[in-house]
> 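One structure coming up, written as structure tokens, with questions to follow.
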2 protein chains.
Amino acid sequence: MRYSANHKMETREKLLASSAVSAKKSGFSTVGVDGLMKAIGLSGGAFYSHFSSKDELFKAIVERELAQSLDRLSGDGAMDSVKLERCLKQYLSMSHVEQPEAGCALPVLGAEIARSDMAVREAAQTWICRLHESWARILGSDSLAWAILSQCVGALVVARMLVTPQVQREVLKSSHEEISRRIAEQGLD
Amino acid sequence: MRYSANHKMETREKLLASSAVSAKKSGFSTVGVDGLMKAIGLSGGAFYSHFSSKDELFKAIVERELAQSLDRLSGDGAMDSVKLERCLKQYLSMSHVEQPEAGCALPVLGAEIARSDMAVREAAQTWICRLHESWARILGSDSLAWAILSQCVGALVVARMLVTPQVQREVLKSSHEEISRRIAEQGLD
DNA sequence: GTCTATACACGGATAGAC
DNA sequence: GTCTATCCGTGTATAGAC
């Protein structure tokens, strides 16, 4: 073969990483296959050697992104209140609001995932539930884990719609305070 | 004139209402001008007698939707704990999850609003801040109002990504419980 | 596997008749 | 104000050469 098996893997990985950034920046339906390929220095036609359709790419992006989020947010198993606080601070930060392309996929792609076919949503559910389980274990409460997860996602969606940095900051700070307060009340396992 | 001034107003209103439904169902960038006009029984070309561009329509949709949300969620001024609970129950319900086209625009259009130009985001900010003020007055806390607003939006975004109704219900119920508990602790003004 | 070329549908927007 | 026709760009996807 003129191209090594390794080459294909590497190209696929580059495509996934680059496409995830583009999708989080501009929305997945907005970006075209041609643009996604050009972004990694290839032509549009080469796309279909890696994915049979754009939808299949989306599923792969969602899986990759959420696996990464699980990694970032669930920690290495030993999660104490300090690490938890650091996690929250990073998620509910202005830099996260300002750089959607580098952050969590749920606030940006949530609506698009919700409109996708079953394959994508099943993938999303699997990873979201893993994320939830991880937090529920740390917090000692299934309900609280879902509530905090929702609130974090919502805070970013709301803050990103706004124009004024001060108001954005207020939104982030409010969720951060309410969550910290609730966790302090609850105590960790 | 062959068409009354009233006719234009009515057509514009029909277009706005119908387009909002389409946008909430399929995403604004996904739907085409032609489809939006056909949905109210007109041809695509007639669109530009009402809006100079698709973006201008989006701004109008956002304003109309958020004004409506403010109306639904802020109540008529006299908001007691019973009305508040009814509001939350409706927002965090399975029918709201299942029928995005009939519900709040923030969870569905939030990401698209965030990517829009300043005109749209300024309109969004104005109405979101009014909504916040209304809730803050009721709750007696700016911070709590932002936190609850974010959590409600986030819960819908998260629930809609999922496939299994039981998990969706759990997400909704968790946020509902946490919010009710927090409000009970806080007390109303 | 990647390229160029292409088929084909649909996007937003405009022009002129009624 | 609405229609039909049209311009022009872009979208996804495929075919065949290398």
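The analysis underlying the following values was restricted to heavy atoms, covering all of them including side chains, and did not include hydrogens, waters or symmetry mates. Below, read A as the first sequence line, B as the second, and so on, with proteins coming before strands; counting in each chain starts at 1.
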> Mapping B/L42 and A/F47 onto DNA chain D by nearest heavy atom, which one lands closer to the 5' end?
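The residue whose closest nucleotide sits nearer the 5' end is B/L42.
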> Does a salt bridge link A/R181 with A/E185, judged by any charged N lying under 4.0 Å from a carboxylate O?
no
> I'd like a table of donor-acceptor pairs (distance under 3.5 Å, sequence neighbours excluded) in which one partner is a side-chain atom from residues 57-67 of chain B, with atom names and distances.
from  : atom 1 : to    : atom 2 : distance (Å)
B/R64 : NE     : B/E13 : OE2    : 3.2
B/R64 : NH2    : B/E13 : OE2    : 2.7
B/E65 : OE1    : B/K24 : NZ     : 2.8

> Counting side-chain heavy atoms from CB outward, which of C/dG12, D/dT2, C/dT2 is closest to A/A46?
C/dT2
> Expressed in angstrom and rounded to an integer, what is the separation of B/F28 atom CZ from C/dG12 atom P?
8 Å
> Ignoring backbone atoms, test whether B/T11 places a side-chain nitrogen or oxygen under 4.0 Å from the OP1 or OP2 oxygen of D/dT2.
yes
> In whole Å, I'd like the distance from the CG atom of A/D34 to the C1' atom of D/dG9.
13 Å
> Ignoring the backbone of B/V33, work out which of C/dG12, C/dG1, C/dC3 is nearest its side chain.
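Among C/dG12, C/dG1, C/dC3, the one nearest the side chain of B/V33 is C/dG12.
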> How many whole angstroms separate atom CE of B/M37 from atom P of C/dG11?
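In whole Å, C/dG11 P lies 14 Å from B/M37 CE.
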> List the residues meeting ring-ring contact (aromatic ring centres under 6.0 Å, His included) with B/H96, not counting sequence neighbours, and say none if there are none.
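With sequence neighbours excluded, B/H96 shows a ring-ring contact (aromatic ring centres under 6.0 Å, His included) to B/Y91, given in chain and number order.
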> Between B/Y48 (OH) and D/dC7 (C1'), how many Å, whole number?
13 Å
> Please determine, for the side chain of B/K54, which listed nucleotide (D/dT12, C/dT2, C/dG11) has the closest atom?
C/dG11
> Checking contacts here: which listed nucleotide (D/dT2, C/dA13, D/dC3) is nearest the side-chain heavy atoms of B/H50?
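The answer is D/dT2.
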> On DNA chain D, nearest-nucleotide positions of B/G41 versus A/S53: which is more 5'?
B/G41
> Using atom CZ of A/F51 as one end and atom C1' of D/dT12 as the other, report the distance to the nearest whole Å.
16 Å
> Looking just at side-chain N and O atoms, do A/S95 and A/S93 make a donor-acceptor pair shorter than 3.5 Å?
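A/S93 and A/S95 do have a side-chain donor-acceptor pair below 3.5 Å.
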> Whole angstrom is fine here: how far is it from CD in B/E56 over to P in C/dG12?
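Interatomic distance, CD of B/E56 to P of C/dG12: 15 Å.
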> Send over the distance from B/K38 NZ to D/dT4 C1', rounded to a whole Å.
12 Å
> Would you say A/S49 reaches C/dG1's phosphate, i.e. side-chain N/O to OP1/OP2 under 4.0 Å?
no
> What closest approach, in Å, do A/H132 and A/A145 show between heavy atoms, and which atom pair accounts for it?
CD2-CB, 3.5 Å
> Give one of base, sugar-phosphate or nothing for B/G45, where a contact means two heavy atoms less than 4.0 Å apart.
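Since a base atom lies under 4.0 Å of B/G45, the category is base.
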> Let me know the distance between NZ of B/K8 and P of D/dT2, rounded to the nearest Å.
9 Å
